Amino acid sequence: MTNSKITRELESNKKGHILFDNQKASDLYELKKILEEQGKIVVDFPVEEWYKAAAIILSEEQPFRLRAARQFVATKLLSVLEEKYPQLREYAGSKHLAIFQQGDREKFREKSDFIYNLHDVADMLEVEEIHIDRIHFIMNGTRSDNLCDALTPLLSDKTPFDVSIYSSPNGFYTYLDPDSIEKRFISDRYKYTVYKKYEEGVPSDAKAQQKRKRRNETV
């Protein structure tokens, strides 16, 4: 892997959410293999699969697209978690993944009220007392503001696990928080570190402000 910053972060096991923007596709292919060999939790969004899911999401009226996109992310996440934590299979959360993979709009509208969202996933983990340190989300060639908007709430302090989000060739498309009425920048709302290409990590404004506050309290 040519990006030593990713390797360093993997080895450090530091806490906190991380965005790796504008990465090389070859690095992310290698990264996926490394993470899986290490037994890490990896949620991959292949381009071909996303195109099918996007056909459903973009067919929805604008107010409902974000809901559909997050249901897709939740379903993908559950399909991975069920492999590692068999007790989650009783919720049958991954059974709707085929709807997204086939781009079946009619079936989605028929079943949408029964498809889990990200809040449901967090509730399941709490009920089953499953504790996860970090989940890795890889967008290699998948360019979509809808997908980025869907992933944004995972950067919250309330998320029961840390997230690392990797994108190639572009960066994280979401700048304005899709859940904010005031249209706040996600950098102002969420605490995370962002790595652009081979550059050093830069804290979001919210994280930098938190660090300044802690320093002042110790003076």
Side-chain angles (χ1 to χ4, degrees), residues 1-50 69 73 76-77 80-81 84 118 121 131-178 184-215 218:
M1 185 185 301
T2 57
N3 193 330
S4 61
K5 306 299 187 299
I6 294 180
T7 304
R8 186 182 66 195
E9 286 298 325
L10 292 179
E11 294 174 347
S12 70
N13 291 317
K14 288 194 297 188
K15 295 292 186 180
H17 303 311
I18 309 174
L19 299 181
F20 290 96
D21 283 353
N22 306 103
Q23 301 301 309
K24 286 180 60 176
S26 57
D27 278 350
L28 296 194
Y29 281 122
E30 186 177 352
L31 171 69
K32 183 173 181 287
K33 293 178 181 178
I34 292 172
L35 292 172
E36 290 176 342
E37 288 172 357
Q38 293 177 348
K40 305 297 185 182
I41 300 175
V42 182
V43 182
D44 188 24
F45 297 101
V47 174
E48 299 80 6
E49 182 181 66
W50 170 248
V73 171
K76 279 281 294 184
L77 177 54
V80 174
L81 293 178
K84 194 172 184 67
L118 292 171
V121 176
H131 305 288
I132 299 172
D133 292 329
R134 182 175 297 276
I135 297 180
H136 303 263
F137 296 86
I138 298 178
M139 299 185 292
N140 198 350
T142 306
R143 312 177 185 185
S144 171
D145 53 355
N146 288 290
L147 181 54
C148 292
D149 286 353
L151 292 168
T152 295
L154 294 175
L155 297 172
S156 169
D157 289 343
K158 296 180 180 179
T159 301
F161 47 81
D162 288 336
V163 301
S164 292
I165 301 175
Y166 312 83
S167 62
S168 171
N170 302 100
F172 199 74
Y173 278 96
T174 298
Y175 296 100
L176 296 177
D177 178 18
R184 295 172 61 188
F185 287 100
I186 64 168
S187 181
D188 293 333
R189 181 172 184 184
Y190 297 118
K191 304 178 189 73
Y192 57 89
T193 301
V194 59
Y195 288 82
K196 298 283 187 181
K197 295 185 178 179
Y198 299 103
E199 298 172 6
E200 288 293 341
V202 177
S204 66
D205 292 338
K207 186 169 184 176
Q209 183 177 4
Q210 181 187 52
K211 287 184 176 180
R212 287 193 296 270
K213 182 179 179 181
R214 287 176 177 172
R215 281 199 299 268
T218 58

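Since we're looking at a predicted model, the values are computed, not measured.
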- Yes or no on side-chain contact (heavy atoms from CB on, under 4.5 Å) for Tyr166 and Ile6, after CA distance, side-chain angles and deciding distance? CA-CA 10 Å; Tyr166 312 83; Ile6 294 180; 4.2 Å; yes
- Note on the structure: Residues at least two apart in sequence or cross-chain that pass side chain to side chain contact (heavy atoms under 4.5 Å, CB included) with Ser26, listed by chain then number, are Lys24
- Task: Would you indicate whether the side-chain heavy atoms of Tyr190 and Asp177 approach each other to under 4.5 Å?
- Result: yes
Hey, can you pull the donor-acceptor pairs under 3.5 Å for the side chains in residues 34-49, sequence neighbours left out?
from, atom 1, to, atom 2, distance (Å)
Glu36, OE2, Lys32, NZ, 2.9
Glu49, OE1, Lys76, NZ, 2.8
Glu49, OE2, Gln101, NE2, 2.9

- Test side-chain hydrogen bond (donor to acceptor under 3.5 Å, both in side chains) applied to Glu200 - qualifying residues, sequence neighbours left out: Arg8
- Query: Is there a donor-acceptor pair closer than 3.5 Å between any side-chain N or O of Arg134 and the backbone N or O of Gly16?
  - Reply: yes
- Task: Tell me, please, which residues at least two apart from Tyr175 pass side-chain hydrogen bond (donor to acceptor under 3.5 Å, both in side chains).
- Result: none
- Within a radius of less than 6.0 Å around OH of Tyr198, do more than 12 heavy atoms belonging to other residues, nucleotides or ligands occur? yes
Donor-acceptor pairs are to be reported for all side-chain atoms of residues 147-154 against protein atoms at under 3.5 Å, with residues two or more places apart or in another chain.
from, atom 1, to, atom 2, distance (Å)
Asp149, OD1, Thr174, OG1, 2.4
Thr152, OG1, Cys148, O, 2.9

- Query: With sequence neighbours left out, what residues match Lys15 under side chain to side chain contact (heavy atoms under 4.5 Å, CB included)?
  - Reply: Asp133, Asp162
- Taking side-chain hydrogen bond (donor to acceptor under 3.5 Å, both in side chains) as the test, write out the residues that go with Lys196, two or more places apart. Asp21
- Query: Does the side chain of Arg143 come within less than 4.5 Å of Pro169's, by heavy atoms?
  - Reply: yes
- Message: Would Leu81 and Ile132 count as a side-chain contact (heavy atoms from CB on, under 4.5 Å) here? Give the steps.
- Response: CA-CA 10 Å; Leu81 293 178; Ile132 299 172; 3.7 Å; yes
- Query: Quick one: NZ on Lys191 to CD on Gln210, what's the gap to the nearest 0.5 Å?
  - Reply: 5.0 Å
- Message: Strictly distance-based, threshold 3.5 Å: is any side-chain N or O of Asp27 a donor or acceptor partner for the main-chain N or O of Thr2?
- Response: yes
- Item | Gap between atom CD1 of Ile18 and atom CD1 of Ile165 - 0.5 Å precision | 10.5 Å
- Set of residues satisfying side-chain hydrogen bond (donor to acceptor under 3.5 Å, both in side chains) with respect to Tyr195, sequence neighbours excluded: Glu9
- Query: Hey, does Glu30 have a side-chain heavy atom less than 4.5 Å from the side chain of Asn3?
  - Reply: no
- Message: For the CD1 atom of Ile186 and the CG atom of Asp205, what is their distance to the nearest 0.5 Å?
- Response: 10.5 Å
- Message: Return the OG to CE distance between Ser168 and Met139, rounded to the nearest 0.5 Å.
- Response: 10.0 Å
- Query: Got more than 12 heavy atoms from elsewhere within 6.0 Å of CZ, Phe185?
  - Reply: no
- Item | Contacts of Tyr192 that satisfy ring pair (Phe, Tyr, Trp, His ring centres under 6.0 Å) - sequence neighbours left out | none
- OG/Ser156 to NE2/His17 distance, rounded to the nearest 0.5 angstrom? 6.5 Å
- Message: I'd like to know if the side chain of Ser164 reaches the main chain of His136, judged simply by a donor and an acceptor atom lying under 3.5 Å from each other, with no hydrogens or angles considered.
- Response: no
- With rounding to the nearest 0.5 Å, note down the distance linking OG in Ser204 to CD in Gln209. 9.5 Å
- Task: Kindly write out the residues that satisfy side chain to side chain contact (heavy atoms under 4.5 Å, CB included) with Ser4, not counting sequence neighbours, or none if the list is empty.
- Result: none
- Sorted by chain and residue number, the side chain to side chain contact (heavy atoms under 4.5 Å, CB included) partners of Asp145 (sequence neighbours excluded) come out as Tyr173
